[in-house]
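Written out below as structure tokens is the structure these notes cover.
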Amino acid sequence: MAGLAAAFGSGAMTNSIAEIENADCIFIIGSNTSVAHPLIASRVFRAKARGAKVIVADPRRIPITAQADLFVQHKPGTDVALVNGMMQVILKNNWQNQAFIDERTEQFEAARAVIEQYPPERAAEITGVPAEDIVRMAEWYARSEKSTILYTMGITQHVTGVDNVKTLANLAMLCGQIGRESTGVNPLRGQNNVQGACDMGGLPNVYPAYQPVTDLKVRDRFLEAWKVDRLPEQVGLTIMEMIHGIEEGKIKGLVILGENPLLSDPDSAHVEKALKSLEFLMVIDIFPTETARIAHLVLPGAAFAEKDGTFANTERRVQRVRKAVEPPGEARADWWILQELATRFGYPLSYASPEEIQEEIRQVAPSYGGITYERLEGEGLAWPCPTLEHPGTRFLHQERFTRGKGLFHAIEYREPAEMPDADFPL
């Protein structure tokens, strides 16, 4: 999200899922697509059946490679060198979309100076991918009418994850493969409402709809909407910074909702030690997770089929979820639990239903301004959908980027933080 937001102004998937099957070239990197996103993979299969070129770059031979017209196995952590090598070939052969670069982007020359240092021979030496394959990747991607990039955590889960994403954004802008149907840079989300959680401000630096907490005008709007006298003026802590904050004595209590950091966060022994040192740890979840087992208090939440609300999926599509059964025992919907906690902390909340919360979202999140429960009957709506008359947005950045002009970044290749050695050869 940080990488795409820096380049384009928005950290979301740029195009819709349906558009994938009409692409002429599909570049899959760091994504085990047919295993992790089988419905999206089916669109790749359809695209290939109608003649699209499929490029898969992954250190492992994974199931989606069976569909690849070109499969390259680059060394783990060498993504920047691989893509910089592609871009050097594109510039050398004058395959870039210079009109797009001139009209719609900035800082291109700074990026170009770095890219030109990665001829395919040097990129091959770093990545282990033959130079001729890098040339073929570059030609297929740049010279196809509609090329799209699909990636997931194989790109982001590195110390250079943000750099990896910025480099893919550079590639798309270099060739003008963005802002049109069946093009774009498309991160495939890991769970069904990760996008929605981010949209609602579940990040340390933004309010809902990615409005910066450091922007005085934004903060004034939320002061008025939430009827409070003060809101934080500085960026909050990331998950890993929270763990360090506990160790430093800055954080005494923590509420963990629908997350299992003892399983999902790196260095689990370190995380467990920190969480066990808290004065108070509360977990809201539907299962007795590893994290819940060390909590002082566990509040039982309601599962997806036991509550009403909305999910926002990987293509920014907001859809209704409806209660099918009552929550068991004392389990309650998350919004109800949080409302009761806030009231007991001295900030009374009195929403009668998730629909009332949706109405507030419409008022404070411009990209959700036209999304009502009534309009979500059927297939839902993809944001931005700013007004009640707006049909939703299938693909982003058609005439201008969210930030105005797309921003090129000069990204040098950096080695992974931990290279193989005698003790850990893999």
Side-chain angles (χ1 to χ4, degrees), residues 1 11-12 36-37 152-153 156-157 187-210 236-243 245-246 251 253-266 268 271-272 274-276 278 280-314 316-345 349 351 353-354 357-358 360-361 365 368:
M1 177 166 285
H37 297 88
T152 60
M153 295 188 209
T156 57
Q157 300 292 341
L188 312 180
R189 292 304 204 171
Q191 287 86 30
N192 67 335
N193 207 19
V194 171
Q195 185 68 54
C198 296
D199 294 349
M200 292 303 102
L203 296 160
N205 60 331
V206 293
Y207 290 114
Y210 309 98
L237 303 179
T238 65
I239 290 175
M240 298 316 300
E241 288 168 345
M242 289 182 196
I243 299 300
I246 295 169
I251 296 176
L254 197 63
V255 179
I256 298 177
L257 192 162
E259 184 76 9
N260 188 12
L262 281 194
L263 189 69
S264 59
D265 287 8
S268 56
V271 173
E272 182 174 7
L275 293 181
K276 283 183 173 178
L278 284 164
F280 181 64
L281 173 61
M282 180 168 74
V283 170
I284 304 170
D285 216 314
I286 64 174
F287 296 120
T289 64
E290 289 83 353
T291 308
R293 291 189 182 107
I294 66 168
H296 298 98
L297 176 65
V298 178
L299 295 181
F304 79 97
E306 298 163 358
K307 57 191 174 187
D308 289 305
T310 59
F311 289 156
N313 74 359
T314 191
R316 298 169 282 104
R317 184 172 299 280
V318 182
Q319 297 171 295
R320 281 289 310 279
V321 58
R322 294 170 175 81
K323 182 194 285 189
V325 293
E326 290 297 323
E330 294 184 89
R332 297 289 184 272
D334 305 316
W335 69 269
W336 186 91
I337 293 172
L338 295 175
Q339 176 165 282
E340 292 296 310
L341 286 172
T343 299
R344 284 160 171 74
F345 281 136
L349 294 176
Y351 301 108
S353 68
I357 298 170
Q358 180 67 30
E360 180 183 299
I361 292 167
Y368 276 66

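Just so it is clear, the values below take in all heavy atoms, side chains as well, and ignore hydrogens, waters and symmetry mates. Quantities reported herein were computed from a predicted structural model and do not represent experimental measurements. We're numbering straight along the sequence, starting at 1.
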All side-chain contact (heavy atoms from CB on, under 4.5 Å) counterparts of [X], not counting sequence neighbours:
X	result
Ala303	Ile286, Glu306
Leu278	Ile246, Ile251, Leu254, Leu275, Leu281
Ser264	Glu259
Ile361	Met200, Ile357, Gln358, Ala365, Tyr368

- Task: Taking side chain to side chain donor-acceptor pair (under 3.5 Å) as the test, write out the residues that go with Thr238, two or more places apart.
- Result: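 Checked Thr238 against side chain to side chain donor-acceptor pair (under 3.5 Å); matches are Glu241.
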
- Item | For Tyr210, all residues meeting side chain to side chain donor-acceptor pair (under 3.5 Å), sequence neighbours excluded |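 Scan of Tyr210 (side chain to side chain donor-acceptor pair (under 3.5 Å), adjacent residues dropped) gives Gln195, Asp199.
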
- Message: side-chain contact (heavy atoms from CB on, under 4.5 Å), that's the test. Do Met282 and Leu341 meet it? Break it down for me.
- Response: CA-CA 12 Å; Met282 180 168 74; Leu341 286 172; 3.5 Å; yes

Measure the [atom1]-[atom2] distance between [X] and [Y] for me, rounded to the nearest 0.5 Å.
X	Y	atom1	atom2	result
Leu338	Thr343	CG	OG1	10.5 Å
Thr314	Gln191	OG1	CD	11.0 Å
Arg320	Asp308	CZ	CG	5.5 Å

- Inspect the surroundings of CD in Glu360 and state if more than 12 heavy atoms from other residues, nucleotides or ligands are less than 6.0 Å away.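 Counting other residues, nucleotides and ligands, CD of Glu360 exceeds 12 neighbours.
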
- Query: Is there any salt bridge (Lys or Arg N to Asp or Glu O under 4.0 Å) pair reaching into residues 325-342, and which pairs are they, with sequence neighbours excluded?
  - Reply: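 Qualifying pairs, neighbours excluded: Lys307-Asp334, Lys323-Glu326, Glu340-Arg344.
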
Just jot down the salt bridge (Lys or Arg N to Asp or Glu O under 4.0 Å) partners of [X], sequence neighbours excluded, or say none.
X	answer
Glu272	Lys276
Arg322	Glu377
Arg189	none

- What is the minimum heavy-atom distance between Gly301 and Ile337, and which atoms define it?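 It is CA-CD1, 4.3 Å.
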
- Item | Smallest separation among heavy atoms of Ile256 and Pro261, with atom names |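 Scanning both residues, the minimum pair turns out to be CD1-CG, 3.8 Å.
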
- Using atom types as modelled and distance alone, determine if a side-chain donor or acceptor of Thr291 lies under 3.5 Å from a backbone N or O of Leu262.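 Yes, Thr291 side chain to Leu262 backbone: donor-acceptor pair under 3.5 Å.
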
- Which residue pairs pass the side-chain hydrogen bond (donor to acceptor under 3.5 Å, both in side chains) test when at least one of the two sits in residues 280-290, sequence neighbours left out?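 Qualifying pairs: Asn260-Glu290.
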
- Task: On the 0 to 90° scale, with breaks at 30° and 60°, tag the Phe311-Phe304 ring pair as parallel, tilted or perpendicular.
- Result: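 Ring orientation of Phe311 relative to Phe304: tilted.
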
